[in-house]
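Everything on this sheet refers to the single structure shown next.
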Amino acid sequence: MAVEAVGRVPRRPGPVGRLGAGILDLLQVLGEAASLFAAAVRASAFAPIDRQRVVVQMVRVGTDTLSIGALLSIFVGMVLVVQAADQLRDVNESVLGPIVGLAMTKELGPVMMAFLLAGRAGSAMAAELGSMTVYDEINALRTMDIDPVRFLVMPRFVAATLALPLLILYSDFIGVWGGAVVVAIDPAIKLTVNEYFARMLEWVHLSDILIGLVKGLVFGMIASILPCTFGLRTRGGTEGIATATTAAVVWSFILILVFDFLIVRGSFAAG
Amino acid sequence: MGAGARETPQRGVAVELQGLRRSYDGFDVLRGVDLSVRAGELLAIVGQSGTGKSVLLRQIIGLERPDAGRIVIGGLELPRYLAIPPEEKPFRIAMVFQSAALLASLTVAENVGLRLRERRRHSAAEIEAITRRVLADVELEGTEDKLPSELSGGMRKRVAIARALAIDPELILYDEPTADLDPILTQQIGELIRRIRTTRGSTQIIVTHNLPLARAIADRIAVLDRGRIVECSTPAELAESRQPLTREFLRAAALGL
């Protein structure tokens with residue numbers, strides 16, 4: 001009996017085995033996330049949307065991100081002007097406005113706000129759903145014939161997907177004004193605020209803002225679906241909740257950057 | 001407390017388990033469970049920790065599928081029952097979880113009326129009336145606006161029972177309803193379950209390792225040992241049992257453990 005038991009103990013996997021297990025685990029998470037995404041889209045399209053629950057989630061997203069988002073955006077706009085002005089001092093300061101405008105609308109605003117959403121609201125989603133999974137609240141919903149996707153995931157998915165483009169516009173606005181503040185108060189910069197905005201408006205087109213908003217829609221989906229996926233697959237009590245929350249944020253960041261590259265590449269390819 | 005004659009028209013459903021098997025990672029938890037529960041019966045399943053009692057309940061309510069075996073409730077095979085749309089189900093099943101599993105962000109009233117609200121077949125006034133009535137049944141009037149975090153463990157368990165009662169179920173499953181409760185609260189929960197048995201006539205299956213509670217309230221007690229039902233008898237018959245595990249339980253209960 002003892003010999004049998006010893007014989008059945010699995011050997012500890014080596015580096016290749018661990019790598020393989022990690023890849024399989026990643027593929028499983030991505031598969032579950034894709035499946036949850038499809039279910040959330042189906043629920044959003046065919047089930048009556050509980051507006052109250054969506055609004056509650058949007059308010060949560062807003063309270064989690066608005067103040068920090070403003071701080072981040074204003075300082076990033078200011079730093080952009082300081083850095084660029086230093087490089088352009090002897091060349092052409094008039095491009096400061098376009099640099100800040102294009103950087104904020106096309107790249108920094110969307111990515112920064114998506115990271116903020118994933119880090120604040122996304123981590124809260126993963127922790128909340130993880131806790132509900134561990135303490136049988138999700139199972140309780142199932143026994144009441146209440147679909148957890150429709151009841152819990154869909155409002156978060158819709159709220160994050162709608163909120164992120166709005167947050168990006170908010171960030172763009174504050175960021176360009178942060179740059180304007182530095183232009184106005186830094187004696188080393190010869191450009192006037194009017195010139196800064198005039199040149200920005202010449203260079204930044206509606207399509208640039210739209211690309212940022214499209215990114216916002218995609219990133220909003222990622223920053224809600226991945227945390228919900230990790231939350232719903234939580235196992236193992238409090239430690240499991242912490243692990244799921246961390247993994248949700250890390251993988252949201254990674255996937256946001258991957259999709260950022262794909263969208264940028266796609267937009268250039270489309271001309 | 002104590003098993004008495006049924007006073008209400010029978011409205012519970014019979015439950016039949018045949019050769020139920022379930023394993024996890026190669027470890028057999030249920031090894032062929034056979035069990036019959038009569039309509040309106042209050043059956044307790046006792047056993048040591050880790051013998052598969054909670055797993056058994058999860059199979060019965062359909063949270064997990066068995067590897068083998070049949071579950072027939074109210075004459076319907078479980079997969080067939082689960083496939084019926086919620087509004088058309090011929091009977092309802094409710095479960096009270098060990099952790100109570102109340103939604104932390106909802107008030108007591110919202111938790112109790114959750115399923116009714118989600119089904120959208122009752123008006124707000126009807127849901128409020130049902131919520132008040134079932135909260136009164138579990139003696140928790142006036143707690144409607146409290147959050148679960150503001151309640152004691154025993155109160156949370158009673159809210160969970162009220163949530164189950166709100167849908168007027170024909171079958172109620174309880175997973176360790178008195179775990180972590182002191183003897184007085186345990187007795188209160190036991191009396192409540194017994195009262196549900198006499199006033200509503202629902203079939204009730206209680207999983208517990210509390211043998212004195214099971215003997216006090218159940219019509220029959222099934223003993224689960226290493227994934228099999230080794231005995232199923234009335235509390236009086238159980239007291240005379242020669243089954244080794246049952247004897248161990250009785251000895252521990254006699255010592256007040």
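Order of the sequence lines fixes the chain letters, A, B, ..., with proteins taken first and strands second; residue numbering starts at 1 for each chain. Fair warning: this is a prediction, and the values are worked out from it, not measured in the lab.
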Considering residues, nucleotides and ligands other than [X], do more than 12 of their heavy atoms fall under 6.0 Å from its [atom1]?
X	atom1	value
B/Q18	CD	yes
B/R121	CZ	no
B/F91	CZ	yes
A/Q52	CD	no
B/D180	CG	no
B/K146	NZ	no
A/F75	CZ	no
B/R80	CZ	no

Looking only at heavy atoms, which of residues 140-150 of chain A get nearer than 4.5 Å to chain B? A/A140, A/L141, A/R142, A/T143, A/M144, A/D145, A/I146, A/R150
Where on B/I93 is there a heavy atom nearer than 4.5 Å to chain A: the side chain, the backbone, both, or neither? backbone
If one checks every heavy atom of B/R92 against chain A at 4.5 Å, the contacting part turns out to be neither
Which atom names give the shortest non-hydrogen contact between A/D136 and B/S99, and what distance separates them? CB-OG, 4.1 Å
For A/E137 and B/L102, which heavy atoms make the closest approach, and how far apart are they? CD-O, 3.2 Å
Audit row: A/M132, B/L103, side chain to side chain contact (heavy atoms under 4.5 Å, CB included) steps and yes/no: CA-CA 8 Å; A/M132 293 180 77; B/L103 272 66; 3.9 Å; yes
Most heavy-atom pairs under 4.5 angstrom with chain A, which of B/R120, B/R163, B/Q98, B/M95? B/R163
Options B/I167, B/V96, B/L114, B/L82, ranked by heavy-atom pairs under 4.5 Å with chain A, top entry: B/L114
Between A/R53 and B/E118 (salt bridge meaning N to carboxylate O under 4.0 Å), is one present in this structure? yes
